[in-house]
Amino acid sequence: MDCLRLHKNRANKDPLFLTGVTFPSEYPDSQDSLVKLTVYDAKNKSQESSSFLGSTTFSIGDLLRAKDGRLTLSLRSADGVCPAGTVVVSRLKMGEVEEADHIATDSSSQKCPLVCEPADQSCIDREDYALTGPVFRNPVCKVYRFQTVDSKWMLVREQMEECTLSFTIPKQLLSLYIQEDRSRLQDLEELGELSPHWDNLRKEVVMRYGGIIGSYQETLAELEKISGSFKPSCCKAQKSLEFIPINLHTQRMRVTCPQRTDALYDIITVGAPAAHFQGFKCGGLQRLLSRYEAEKKSFSTAYQCIYYSPQHTAKAQEVLSTVSLLQPLITSLADQLLQAALEHSSSGLKDALKSLSDKTEQFVHTLKDELVKSALLALHAARPGYVSKSQKQTPVLCHQQSQGGDLNHSPVQGLPGHSPATPDTESPVACNNVKGGDGGSLKHQDSIPHHKEYDEEEWDRVWANVAKCLNCVIAMVDKLLEGDNSKPEPAPEQQLADVITSHNPGDWREQLSPLVTRLKECVLEVVEKAKRAMTFVLLQEAVCSIPQGLHLQQRRDVVFSQALAALACGFVMRLYAGLQDKDFLRQLHLVGLVAQFESLLSTYSEEIGMLEDMEIGISDLQRVTFKITEAKADDLSDLQPSVCGRRDHFTVEVPLPQVIFQTLPEEIKEGRPLRVFPVLFNVGINEQQTIAERFGDISLQERINQKNFEILEAYYKTLREKVPLECLPCFQTQTDIKELLETLGQNVITKKRKNVEILWIAGTICRRLNGIRFTSCKSAKDRTSMSVTLEQCALLRDEHQLSKDFFVRALDCMRSRLSQGDVGHWEDPEAGAVTENKPASRHFYPIALLLVSSHLLVVWLILSLVFLLAKYQ
């Protein structure tokens, strides 16, 4: 097979070509496997013009049996007769660093050492394969050998892999979205009978949600037909793949140096999470959401519904989520309490009671909110007979007098986001029995009058009963444990427990059962009322959202899906690398990890919309926690991460084999939620950013960097309080993290064009904090590869003493087409910018070139204007 293509370097008479040879899994290698080397003379790299020089063939067995692990082979011309030079093939093993001098060659016969590394040996770490197998696949491995400052040789291996989570996470999210929206439709139906106006609005919302569910089902069905593990950039605007991240890959660099342990540097590359299919004509999520919130009040007036602020809408979703989670948990704990009572287990009774008390108190605290109370009143006002009962007393004035003459009193004045009510004498009575089109008789929420038959204290009594029932259960358990010892006069709640105890002095379960049953009944009653109230809040939110808000929700789902797939990939990769690091595991469960997203998008044209989408998507990752579980079996298929939850909170469960799971800290094994702190730093680096900085607006980039710097700084303060800084990884560069943060803060507020030092320092801080590194641009190709390769070479220089003479050479080697794939076949407009860049500093583009190009642009604009004026005069 033709496995290698080499370019003859005319400027160097002693070229070295270092690469790895990977054998596909369908063609397993053996000693009889043949490798064909083909050498070309690349006359013009940019135009892909080259001429064939010669080729040769050797077997793996020949290389293994060769003395000193080297084969000297003669290249043959196309006819197989004329010799065209000589090539030297070397065999290196990972973990062994060879002391080698430059190979002396003459100009007539070029000799090139090649690192030949089969995929089934050292390209894939056998000790890690059991873990990475179900998540990462299709490794591409390249091996380099570079000289250090002290004339030693380091061995560098790059390994890039695809991630199966590119598809599995979005498919699971789509299923959860469908399930959540169906549940919301069911909750809307369970609201019961509403007035014609509200019923019509409910039908419209149900129809809209039905359309979203149908669309998601179609997308999910299309994804089920795909067996790939990543989405190429040419498919970024394809509707069926809009939930899939672009070009999600992992990049690992392993460095083996003399007298030092191996070092690993991981980074995840992914295209910017954005809704490419929906486009960016009107901007991205950040701009669209801001505009939508500003217009939502007018929507609420047009649809004659109550306006709730985003904070209170989020609170309603939180209440729904919390009560749905706690109610079955309380029921289960109550059953455990009865079981312990049946077994007459004092310790079991105490433990079950403690858990039941904690969860019930959390339940009561969640519902002690004015939003629930006011929403119940608003729902009562939306019932069909509400106004008709009031109209029996006809005049509004009489109703006002019955309320003590308070003209401004309205039961919904306390609603969140509600503007002060106008006097009832100036507003017509709201009628819930008329349809929405009946000219103006139904006014805004301010005109909802007080229903005399509605008991405003009912809700307070209902949720307070839960606490009283819990007190009775606690008193009973205390009585059972204390026996017949004398005790002081009991409280009223304890008196009830005493009465029950006196009837059944011997059987603990019989004495506890009535109280526990009453507690579960009260909890169920509270849940039903709270769910109806919060569903009514969300109904009004959905009404105000038609149709723009629901469209924005779909866009947000798309962006979040891409961001979560990337985050899950990075978390799993970082977890696998740190399973043997006790300090890392301690940091993981005490504080959490920082996930630093490096973005290279410009603030010009449609990339502004991409950046606005990405900002919201990364921010939404704060709603995600991780949980490590024990795999049900040791089969690799059982190690696939899974997602559960709702839009307001998702949990990603990462299963580990039993043997490895047992070595984890107890806090992690008990299922403690593991937090991730996402931060985003953006610096545009291309020519479009030059235009934006000279003629446009870069305030979006400045705001994002400032906001996320504050998040990163807060994370470091928390980490410093809970984890000793000695637990963090050690690096050769001894700059203090606090000093790095101060430098980053200064760079964030400094007005400097294309200040890539922000990205450089943020990346360094992330590695120092055991964080997860991500790099993104529009398609995760050219700009991303330039950033990653520059960072890798800088790490070799700063941490492993890469010789200065080898820095540019190493950078060119990593950026060569052989390493990055056949760039000539890319169809993206970004393609073709990688091969000729040879920066000798940390900056991605030579600053002088950018300044010259920007000035040329100004000159071109002035000359064009002069030409047009002269032409039309």
Side-chain angles (χ1 to χ4, degrees), residues 94-95 119 122-141 157-166 168-169 229-230 248-255 261-270 564-589 592-596 624-643 651-665 667-669 671-672 674-676 727-729 766-767 769-774:
M94 290 304 296
S122 53
C123 185
I124 302 176
D125 299 323
R126 280 300 179 186
E127 65 273 16
D128 295 337
Y129 185 73
L131 289 177
T132 61
V135 178
F136 305 111
R137 59 171 59 172
N138 299 333
V140 176
C141 188
R157 186 187 64 181
E158 284 186 305
Q159 181 170 315
M160 183 179 71
E161 291 181 292
E162 301 168 7
C163 183
T164 59
L165 301 182
S166 291
T168 58
I169 293 294
S229 54
F230 85 101
L248 176 59
H249 289 87
T250 64
Q251 182 93 2
R252 168 168 289 178
M253 181 176 71
R254 167 170 284 179
V255 185
T261 56
D262 288 7
L264 294 180
Y265 302 98
D266 294 337
I267 192 166
I268 293 86
T269 59
V270 63
L564 180 59
L567 178 65
C569 170
F571 181 88
V572 170
M573 189 178 191
R574 185 65 189 88
L575 175 66
Y576 289 169
L579 286 173
Q580 307 301 323
D581 188 345
K582 294 183 179 180
D583 292 332
F584 165 75
L585 295 175
R586 181 183 180 186
Q587 174 187 349
L588 180 61
H589 73 78
L593 298 180
V594 62
Q596 186 242 333
V624 177
T625 57
F626 288 82
K627 182 180 178 182
I628 300 177
T629 60
E630 184 177 356
K632 298 179 181 178
D634 290 337
D635 189 4
L636 293 181
S637 60
D638 292 321
L639 299 176
Q640 194 72 239
S642 60
V643 186
T651 299
V652 180
E653 296 185 356
V654 182
L656 294 178
Q658 181 180 5
V659 177
I660 298 175
F661 182 79
Q662 294 303 324
T663 64
L664 298 177
E667 294 85 353
I668 295 180
K669 290 195 291 185
R672 174 176 294 184
L674 308 175
R675 294 191 61 190
V676 173
C727 296
L728 297 178
C766 176
R767 293 198 185 277
L769 297 177
N770 267 327
I772 312 170
R773 286 271 294 115
F774 300 83

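Scope of the values below: all heavy atoms of this structure, side chains included, with no hydrogens, waters or symmetry mates.
Here the NE2 atom belonging to His249 is positioned 10.0 Å from the SG atom belonging to Cys163, to the nearest 0.5 angstrom. Put simply, SG on Cys766 and CZ on Phe774 are 8.5 Å apart, with the number rounded to the nearest 0.5 Å. Within the model, atoms SG of Cys727 and CG of Asp581 stand 9.0 Å from one another, a figure rounded to the nearest 0.5 Å. Between atom CD of residue Glu630 and atom CG of residue Leu664 there is a gap of 9.5 Å, rounded to the nearest 0.5 Å. With rounding to the nearest 0.5 Å, the separation of CG in Leu248 from OG in Ser166 is 3.5 Å. For the atom pair CZ (Phe136) and OG1 (Thr164), the distance works out to 8.0 Å, reported to the nearest 0.5 Å.
Between Leu564 and Val624 there is a side-chain heavy-atom pair separated by less than 4.5 Å. Between Leu728 and Leu769, some side-chain heavy-atom pair lies under the 4.5 Å cut-off. The closest side-chain heavy-atom distance from Leu567 to Phe626 is below 4.5 Å.
In summary, of the residues considered (Leu165, Val652, Leu588), a side chain to side chain contact (heavy atoms under 4.5 Å, CB included) with Phe571 occurs for Leu588 alone.
Residues Leu639 and Val135 share a closest heavy-atom pair of O-CG2, 4.4 Å. Counting all heavy atoms, side chain and backbone alike, Tyr576 lies closest to Leu656 at CE2-CD2, 3.9 Å. The two residues Pro655 and Pro641 make their nearest non-hydrogen contact at CD-CA, 3.9 Å.
Thr269 and Gln251 share no side-chain donor-acceptor pair at under 3.5 Å. Side-chain contact, Arg252 with Gln159: no donor N or O sits under 3.5 Å from an acceptor N or O.
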Determine, step by step, whether Val654 and Thr629 satisfy the side-chain contact (heavy atoms from CB on, under 4.5 Å) criterion, reporting the C-alpha distance in whole Å, the side-chain angles of both residues, the deciding distance to 0.1 Å, and the verdict. CA-CA 6 Å; Val654 182; Thr629 60; over 6 Å; no
Any chance you could lay out the side-chain contact (heavy atoms from CB on, under 4.5 Å) test for Arg773 and Ile268, step after step, and finish with the verdict? CA-CA 6 Å; Arg773 286 271 294 115; Ile268 293 86; over 6 Å; no
For Asp266 and Thr250: C-alpha separation, side-chain torsions, deciding distance, then whether side-chain contact (heavy atoms from CB on, under 4.5 Å) applies. CA-CA 7 Å; Asp266 294 337; Thr250 64; over 6 Å; no
Step by step, would you call Lys627 with Leu674 a side-chain contact (heavy atoms from CB on, under 4.5 Å)? CA-CA 6 Å; Lys627 182 180 178 182; Leu674 308 175; over 6 Å; no
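Lys669 pairs by the salt bridge (charged side-chain N to carboxylate O under 4.0 Å, His left out) definition with Glu666, not counting sequence neighbours. Remark: Thr663 engages Ile660 in a side-chain contact (heavy atoms from CB on, under 4.5 Å) (not counting sequence neighbours). The side chain to side chain donor-acceptor pair (under 3.5 Å) check on Asn770 picks up Arg574, Gln587, with sequence neighbours excluded. Residues meeting the side-chain contact (heavy atoms from CB on, under 4.5 Å) test with Glu667, sequence neighbours left out: His589, Pro665, Arg672. Residues passing the salt bridge (charged side-chain N to carboxylate O under 4.0 Å, His left out) test with Arg767, sequence neighbours excluded: Glu791. The ring pair (Phe, Tyr, Trp, His ring centres under 6.0 Å) check on Phe584 picks up nothing, with sequence neighbours excluded.
Around the CD atom of Gln580, the shell of radius 6.0 Å holds no more than 12 heavy atoms that belong to other residues, nucleotides or ligands.
No donor-acceptor pair under 3.5 Å is formed between the side chain of Ser229 and the backbone N or O of Glu162.
Between Asp638 and Lys632 there is no salt bridge, since no side-chain nitrogen of the basic residue lies less than 4.0 Å from a carboxylate oxygen of the acidic one.
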